[in-house]
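Both ligands and their constituent atoms are indexed starting at 1 by order of listing.
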Amino acid sequence: MSKMIGILTSGGDCPGLNAAIRGVGKALLGRYGMRVLGFRDGFRGMMENRTQVLDSQALSGILTLGGTILGTSRDKPWAMPVAGKQRDMTDVIVDNYRRNRLDALVCLGGGGTQKNAYHLMKQGLNVITLPKTIDNDVALTDVSFGFDTALGIATEAVDRLHSTAHSHHRILVLELMGNKAGWLALGAGIAGGADVILIPEIPYDVKKVASAILRRSHHGQGFSIVAVAEGAVSLQEAGKQALKSEGSKQKEDKQKEDKQKEDKPKEDKPKEAKPAKDRYALHQTGSSVQLAKQLEELTGLEARLTILGYLQRGGIPSAGDRLLATVLGTACADLIDKGEFGVMVAARGEVPLKDVVGKRKTVPLDHAWIESARSVHTCLGD
Ligand code: F6P
């Protein structure tokens with residue numbers, strides 16, 4: 001009986017997911033004579049055993065298709081919202097792996113998915129992952145698919161804002177995605193020629209940003225483009241966050257201490273499931289709205305804000321993402337054939353999953369992109 005390989009996409013969707021599914025699937029079917037079973041909507045679909053056979057017909061015509069044909073969710077095996085409660089459904093997922101007689105499970109996702117896959121690997125499942133995210137923040141891989149397409153979309157937005165900023169002598173603030181990493185804003189800011197680039201890795205001083213804009217204005221360039229990552233914070237905000245996390249760490253240590261004193265066994269009562277809106281609210285900090293207002297007050301120039309949002313995750317994958325996703329996909333099939341599991345297929349070859357989880361790849365402060373931005377007189381807010 002030929003081998004059966006499960007596959008799922010999890011976390012935020014991005015262009016290139018279908019190209020990767022096609023790469024994995026076509027190689028497994030065509031080259032290794034294996035069968036492929038898709039799970040719908042990430043780990044939730046694996047918990048509910050909602051499957052889709054991926055035969056050559058299902059894999060045809062999806063190379064240039066955005067999104068994911070399997071659907072996705074951000075649900076975690078050990079904290080799955082079920083009937084309004086957060087429940088650990090790991091055992092059910094492991095049962096469904098066995099029920100479908102899987103020989104391995106391929107997970108396509110970002111940092112959170114790598115962690116979920118590692119959790120299942122520790123339950124004895126043969127797991128292998130591929131790095132996808134527009135944030136490019138998955139550790140131990142030079143690049144994740146989805147990033148190149150988002151970079152192109154964000155750069156085009158910076159390009160387009162130049163003409164209206166110039167016509168109206170305005171400051172145009174463009175908020176870009178990226179979660180807690182600055183790769184997208186930095187890359188698109190440099191490629192689009194933004195005058196100011198603000199990223200989470202460098203907390204910014206709004207006064208320094210304003211004086212850079214005023215300097216431009218005094219040199220006859222009465223407009224400025226500010227590319228700001230959604231996770232960028234001001235120095236003040238960074239200070240508050242540092243205090244807060246210190247405070248919660250102390251509280252946590254105290255609770256741990258009290259717990260040890262009590263020595264009472266942990267009650268694992270299922271917690272209330274967090275309503276999905278909370279997560280969205282997390283991202284809508286409004287900090288870019290505030291930034292635009294502050295810059296207007298500090299410079300006397302009109303400021304306008306554009307939040308590019310989910311346009312960065314939509315549409316046809318770029319040639320670069322199709323190429324990377326296909327190459328990683330077929331490499332994944334080769335590893336499955338060799339029986340190599342517990343790894344992530346990174347851009348420069350497989351890496352142990354245990355070394356990837358719990359890490360976020362942020363922009364190093366001595367990175368060439370940062371140096372290059374400084375060399376072309378881009379203000380980074382510091
Ligand atoms: O990780 C991809 C990403 O688009 C981030 O850039 C963004 O912060 C987040 O997902 C948005 O999450 P959601 O899709 O749940 O709104």
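- Evaluation of the side chain to side chain donor-acceptor pair (under 3.5 Å) rule for Arg98 yields no partner, not counting sequence neighbours.
- Side-chain contact check for Asn100 and Asn49: at least one donor-acceptor pair (N or O, by modelled atom type) lies under 3.5 Å.
- Within the structure, the closest approach of Gly110 to ligand 1 does not fall below 4.0 Å when heavy atoms are considered.
- The distance from ligand 1 to the heavy atoms of Glu230 drops below 4.0 Å at these ligand atoms: 5 (C), 6 (O), 7 (C), 8 (O).
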Hey, can you pull the donor-acceptor pairs under 3.5 Å for the side chains in residues 19-33, sequence neighbours left out?
from: Tyr32; atom 1: OH; to: Asp334; atom 2: OD1; distance (Å): 2.6

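- Applying the 4.0 Å criterion to heavy atoms of Gly178 picks out, from ligand 1, the atoms 6 (O).
- At a heavy-atom distance under 4.0 Å, no atom of Gln312 approaches ligand 1.
- Which parts of ligand 1 touch Met177 is read off a 4.0 Å heavy-atom cut-off, strictly below it: atoms 4 (O), 6 (O).
- Heavy-atom minimum distance, Ala188 versus Leu176: CB-CD1, 4.2 Å.
- If you check the side chains of Thr149 and Asp321, you find a donor sitting under 3.5 Å from an acceptor.
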